[in-house]
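So the structure is just underneath, and the comments pick up after that.
Letters A, B, ... mirror the listed sequences (proteins, then strands); counts begin at 1.
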Protein chains: 2
Amino acid sequence: MSGRCAACKYVRRRCPSDCILSPYFPSNDPQRFTSVHRIYGASNVAKMLQELLPHLRVEAAETLCYEAQCRIQDPIYGCVGVISQLHQQIQDTECQLAKTRAEIALMNSYGQEPPQAQVDQQI
Amino acid sequence: MSGRCAACKYVRRRCPSDCILSPYFPSNDPQRFTSVHRIYGASNVAKMLQELLPHLRVEAAETLCYEAQCRIQDPIYGCVGVISQLHQQIQDTECQLAKTRAEIALMNSYGQEPPQAQVDQQI
């Protein structure tokens with residue numbers, strides 16, 4: 001019974017030595033498996049990992065876990081909610097950048113006036 | 001046979017009048033259903049929609065489709081790849097903003113010098 005991965009423990013089966021899920025879902029972190037199982041189902045996760053070359057599976061398992069947790073926390077938007085927030089943040093930063101560039105353009109336009117006029121403005 | 005939604009058509013069953021998938025997976029867009037079915041499985045999609053209030057299901061179906069399509073296009077990173085790109089874009093824009101603000105600070109520091117010194121610098 002010991003040594004089973006979180007997936008095999010969950011479905012109460014023997015964990016084969018070549019278990020596709022075992023390296024990515026250790027028994028000491030059952031929540032990690034529960035999340036992907038709830039959203040994708042164990043067989044779909046296994047299928048998605050199986051379709052990848054072994055060295056690419058760690059990252060795939062990691063991103064599947066992240067997306068599953070996002071979907072559990074936000075059942076309507078999932079991690080598309082995170083994408084929307086980031087788009088908003090980009091828009092805000094680009095807006096600040098445009099304002100700051102406009103400020104520079106204004107300062108430069110003062111700088112292009114004849115020196116005396118600029119001195120007068122500052123007095 | 002006609003009038004079945006894409007999900008019921010796919011699994012070759014009668015589409016009941018209260019089909020949970022029917023409003024979000026019309027038969028004229030079979031690819032939309034195929035994507036979510038491939039990633040989540042039809043029963044998981046139905047379960048996730050069922051758990052939401054009816055008026056929230058359109059958005060949930062939309063974001064599930066988006067995430068499924070991202071995962072099909074990028075089987076390693078899914079839409080976490082999009083999130084990484086957006087983080088990079090934010091970092092780039094914030095970097096540009098910091099440089100532009102530093103430029104303003106430098107221009108202001110010239111502006112704070114006595115007027116004659118500023119005029120000398122410009123000549």
Side-chain angles (χ1 to χ4, degrees), chain A residues 37-41 43-44 47-49 51-53 56-67 70-72 74-87 89-94 96-101 103-104 107-108 110-112 114-116 118-123, chain B residues 37-41 43-45 47-49 51-53 56-67 70-72 74-87 89-94 96-101 103-104 107-108 110-111 114-116 118-123:
Chain A
H37 180 59
R38 184 169 154 193
I39 300 302
Y40 302 99
S43 62
N44 281 326
K47 195 180 65 185
M48 287 191 269
L49 294 177
E51 286 169 355
L52 292 170
L53 290 170
L56 301 172
R57 292 175 191 165
V58 176
E59 289 281 28
E62 202 58 50
T63 57
L64 285 168
C65 286
Y66 176 79
E67 287 180 34
C70 281
R71 180 63 56 182
I72 290 166
D74 181 348
I76 305 162
Y77 295 101
C79 74
V80 176
V82 174
I83 290 175
S84 299
Q85 283 167 12
L86 292 176
H87 274 298
Q89 198 177 332
I90 289 170
Q91 206 175 344
D92 293 348
T93 312
E94 280 178 346
Q96 282 181 306
L97 183 61
K99 278 183 190 164
T100 312
R101 281 179 173 160
E103 206 176 321
I104 287 185
M107 289 171 94
N108 281 335
Y110 282 138
Q112 283 162 6
Q116 192 53 48
Q118 192 178 10
V119 173
D120 289 345
Q121 278 175 359
Q122 290 186 354
I123 292 170
Chain B
H37 179 59
R38 183 169 156 193
I39 300 302
Y40 302 100
S43 61
N44 281 326
V45 174
K47 196 180 66 184
M48 288 191 269
L49 294 177
E51 285 169 357
L52 292 170
L53 291 170
L56 301 172
R57 291 176 191 162
V58 176
E59 288 280 29
E62 202 58 51
T63 58
L64 285 168
C65 286
Y66 176 79
E67 287 181 35
C70 281
R71 179 62 59 181
I72 289 165
D74 181 349
I76 306 162
Y77 296 100
C79 73
V80 176
V82 175
I83 290 176
S84 299
Q85 284 168 10
L86 293 176
H87 273 297
Q89 198 177 334
I90 289 170
Q91 207 175 343
D92 293 347
T93 313
E94 280 178 348
Q96 283 181 305
L97 183 61
K99 278 184 191 163
T100 313
R101 280 179 174 159
E103 206 177 321
I104 287 187
M107 288 171 96
N108 280 336
Y110 283 136
Q116 193 52 49
Q118 195 178 7
V119 171
D120 290 344
Q121 279 175 357
Q122 290 186 353
I123 293 171

Problem set entry | Tyr77(A), part contacting chain B, at a heavy-atom distance under 4.5 Å | both
Exercise. By a 4.5 Å heavy-atom criterion (distance strictly below it), what part of Leu64(A) contacts chain B: side chain, backbone, both, or neither?
Worked result: both
Exercise. Side-chain contact, heavy-atom cut-off 4.5 Å: Glu103(B) with Thr100(A)?
Worked result: no
Problem set entry | Verdict with reasoning, Arg71(B) to Thr63(A), per side chain to side chain contact (heavy atoms under 4.5 Å, CB included) | CA-CA 10 Å; Arg71(B) 179 62 59 181; Thr63(A) 57; 3.1 Å; yes
For this session: Determine whether Gln96(B) and Arg101(A) make a side-chain contact, defined as any pair of heavy atoms from C-beta on separated by less than 4.5 Å.
Result: yes
Exercise. Got Glu59(A) and Val80(B) here, is their nearest side-chain heavy-atom distance under 4.5 Å?
Worked result: no
Seminar exercise, completed: Most heavy-atom pairs under 4.5 Å with chain B, out of Glu67(A), His87(A), Glu51(A), belong to Glu67(A)
Problem set entry | chain A contacts, top residue of Gly41(B), Gly78(B), Cys79(B) (heavy-atom pairs, under 4.5 Å) | Cys79(B)
For this session: Can you see which heavy atom on Lys47(B) is nearest to which on Arg38(A), and at what distance?
Result: NZ-O, 3.5 Å
Exercise. If you measure from CD on Gln89(A) to CG on Leu86(B), what distance do you get to the nearest 0.5 Å?
Worked result: 10.0 Å
For this session: Name the region of Ile76(A), side chain, backbone, both or neither, that has any atom closer than 4.5 Å to a heavy atom of chain B.
Result: both
For this session: Please examine the side chains of Ile39(B) and Asn44(A), heavy atoms only from C-beta on, and report whether any two atoms are closer than 4.5 Å.
Result: no
Exercise. Glu94(A) side chain to Thr93(B) main-chain N or O, any donor-acceptor pair under 3.5 Å?
Worked result: no
Exercise. What part of Ile83(B) lies closer than 4.5 angstrom to a heavy atom of chain A: side chain, backbone, both or neither?
Worked result: both
Seminar exercise, completed: chain B shares the most heavy-atom pairs under 4.5 Å, among Ser43(A), Ala60(A), Cys70(A), with Ala60(A)
